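This is a predicted model, so every value here is computed, not measured. So that the names make sense, note that chain A is the first sequence line, chain B the second, and so on, each numbered from 1.
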There are 2 protein chains.
Amino acid sequence: MTKMHKENNLTKNQQIVLDLIEKSTEPVKAYSILSNVKKKGMKAPPQVYRALEKLIKVGKIHKVESRNAFIACKNTNCEVSNATAFSICQACEKVTEIVNSKLSKYLKSFQDSTGMKYKKYNLEFFGLCQKCKSK
Amino acid sequence: MTKMHKENNLTKNQQIVLDLIEKSTEPVKAYSILSNVKKKGMKAPPQVYRALEKLIKVGKIHKVESRNAFIACKNTNCEVSNATAFSICQACEKVTEIVNSKLSKYLKSFQDSTGMKYKKYNLEFFGLCQKCKSK
DNA sequence: ATTTAATTTGTTATAATATAACACTATGTA
DNA sequence: TACATAGTGTTATATTATAACAAATTAAAT
């Protein structure tokens with residue numbers, strides 16, 4: 001096969017997986033991705049997990065750890081997923097990435113008592129979204 | 001059988017699992033717990049997972065989401081695990097719970113742009129611990 | 001242009017993590 | 001006692017993720 005990726009340096013499989021995640025309004029699970037990309041020729045888990053791994057590495061997607069699911073990055077120019085925060089509704093499972101410079105500034109510069117300096121953090125907030133709260 | 005739990009209201013299985021996690025200096029995985037408590041009569045995954053669920057609910061342990069592992073709560077009087085923060089070394093995998101009232105105060109009162117109010121959060125910091133940094 | 005090194009692919013198999021379901025037992029309280 | 005609630009033991013299975021390896025593709029270096 002000839003050239004198989006766009007200017008962003010994603011390969012065909014990576015682009016297929018990214019397209020699917022970006023289209024989704026909710027976090028997508030790996031095996032749900034798999035069943036949805038079978039028609040495009042991706043047949044086995046490793047193909048999906050490899051694409052996910054790469055997409056995370058380049059900051060195109062994030063993993064929502066508490067849900068084992070994947071979500072597209074909201075920041076148009078996000079290049080590395082080293083500072084992530086999510087809002088998760090415990091009722092409807094809606095997940096939204098929190099983009100808040102005050103918060104990220106605070107956390108990026110956080111120093112614990114041991115003096116350990118952090119390269120990366122992931123924060124997940126849980127509660128009820130507006131919709132679910134008013135039910 | 002007669003009375004099977006102590007004044008803290010934990011049952012035998014729950015206490016067995018808690019003892020094991022409290023003894024450990026590192027986060028423990030569910031199946032590692034299982035293999036270690038077989039000699040005490042716990043034979044199958046659901047027994048372990050149920051104990052873990054209860055221990056989390058009462059705040060005795062926390063789940064380190066990015067590692068699928070469990071760690072004892074450091075706060076002697078922790079009753080609910082609704083505000084957790086961890087420091088994770090990416091090299092040696094050492095995990096330490098961060099107890100920092102400024103941080104928890106900041107996060108507990110955090111309001112995002114949607115006005116959603118949170119009941120709970122979990123924060124995981126990643127980096128290199130002192131030991132690994134100096135290698 | 002050809003070789004090389006690094007990366008990605010396709011594939012099979014399997015490991016690791018977690019829950020469903022059900023009959024039963026124990027406990028706390030009325 | 002009777003009832004409600006929670007926990008138990010058990011089998012089976014669902015879900016999430018990785019190991020391993022040969023082949024193909026790509027980027028870059030000769």
From D:dT8, C:dA18, D:dA17, pick the nucleotide closest to the side chain of B:Asn68?
C:dA18

N or O in side chain of A:Thr11 less than 4.0 angstrom from C:dT9 OP1/OP2:
yes

Does the pair A:Glu93/A:Arg67 count as a salt bridge with the N-to-O cut at 4.0 Å?
yes

For A:Lys39, enumerate each residue passing the side chain to side chain contact (heavy atoms under 4.5 Å, CB included) test, keeping only those at least two apart in sequence or located in another chain.
A:Asn36

Please report the distance, rounded to the nearest Å, between CD1 in A:Ile16 and P in C:dT8.
15 Å

Can you tell me how far C1' of D:dT16 sits from CD of A:Glu53, to the nearest Å?
15 Å

Where each residue is assigned the nucleotide of DNA chain D containing its nearest heavy atom, which of A:Arg67 and B:Gln14 is assigned the position nearer the 5′ end?
B:Gln14

Rounded to the Å, how far apart are B:Ile56 CD1 and C:dT19 C1'?
14 Å

Between A:Ser109 (side chain only) and A:Lys105 (backbone N and O only), is there a donor and an acceptor less than 3.5 Å apart?
yes

Does B:Arg50 or B:Lys63 map to a spot on DNA chain C nearer the 5' end, using the closest nucleotide for each?
B:Lys63

Under the rule for side chain to side chain contact (heavy atoms under 4.5 Å, CB included), what residues qualify as partners of A:Gln90, not counting sequence neighbours?
A:Phe126, B:Lys119, B:Lys120

For A:Tyr106, give me all partners under side chain to side chain contact (heavy atoms under 4.5 Å, CB included), at least two apart in sequence or on another chain.
B:Lys102, B:Leu103, B:Tyr106

Taking 4.0 Å as the cut-off, does a side-chain nitrogen or oxygen of B:Asn13 come that near to OP1 or OP2 on D:dG9?
yes

Mind calculating the distance between CG (A:Leu10) and P (D:dA27) to the nearest angstrom?
13 Å

Return one dot-bracket line describing DNA chain C 5' to 3' (Watson-Crick or G-U wobble pairs, both distances under 3.5 Å; ( ) same strand, [ ] crossing, | another strand, . none).
||||||||||||||||||||||||||||||

Among residues 29-49 of chain B, which residues get a heavy atom nearer than 4.0 Å to DNA chain C?
B:Lys29, B:Tyr31, B:Pro45, B:Pro46, B:Tyr49

How far apart are the closest heavy atoms of A:Ile21 and A:Ile71, and which atoms are they?
CG2-C, 3.7 Å

Starting at atom NZ of A:Lys54, determine the distance to atom C1' of C:dT7, rounded to an integer number of angstrom.
8 Å

When you measure from the side chain of B:Gln14 to the backbone N and O of B:Thr11, does any donor-acceptor pair fall under 3.5 Å?
yes

Taking 4.0 Å as the cut-off, does a side-chain nitrogen or oxygen of B:Lys57 come that near to OP1 or OP2 on D:dG7?
no

Please give, in whole Å, the distance from C:dT9 P to A:Lys12 NZ?
9 Å

With sequence neighbours left out, write down each residue that passes ring pair (Phe, Tyr, Trp, His ring centres under 6.0 Å) with A:Phe110, or none if nothing qualifies.
B:Phe125

Between P on D:dA27 and CG on A:Asn9, what's the gap in Å once rounded to a whole number?
8 Å

Within-4.5 Å side-chain heavy-atom neighbours: A:Ile16 and A:Lys12
yes

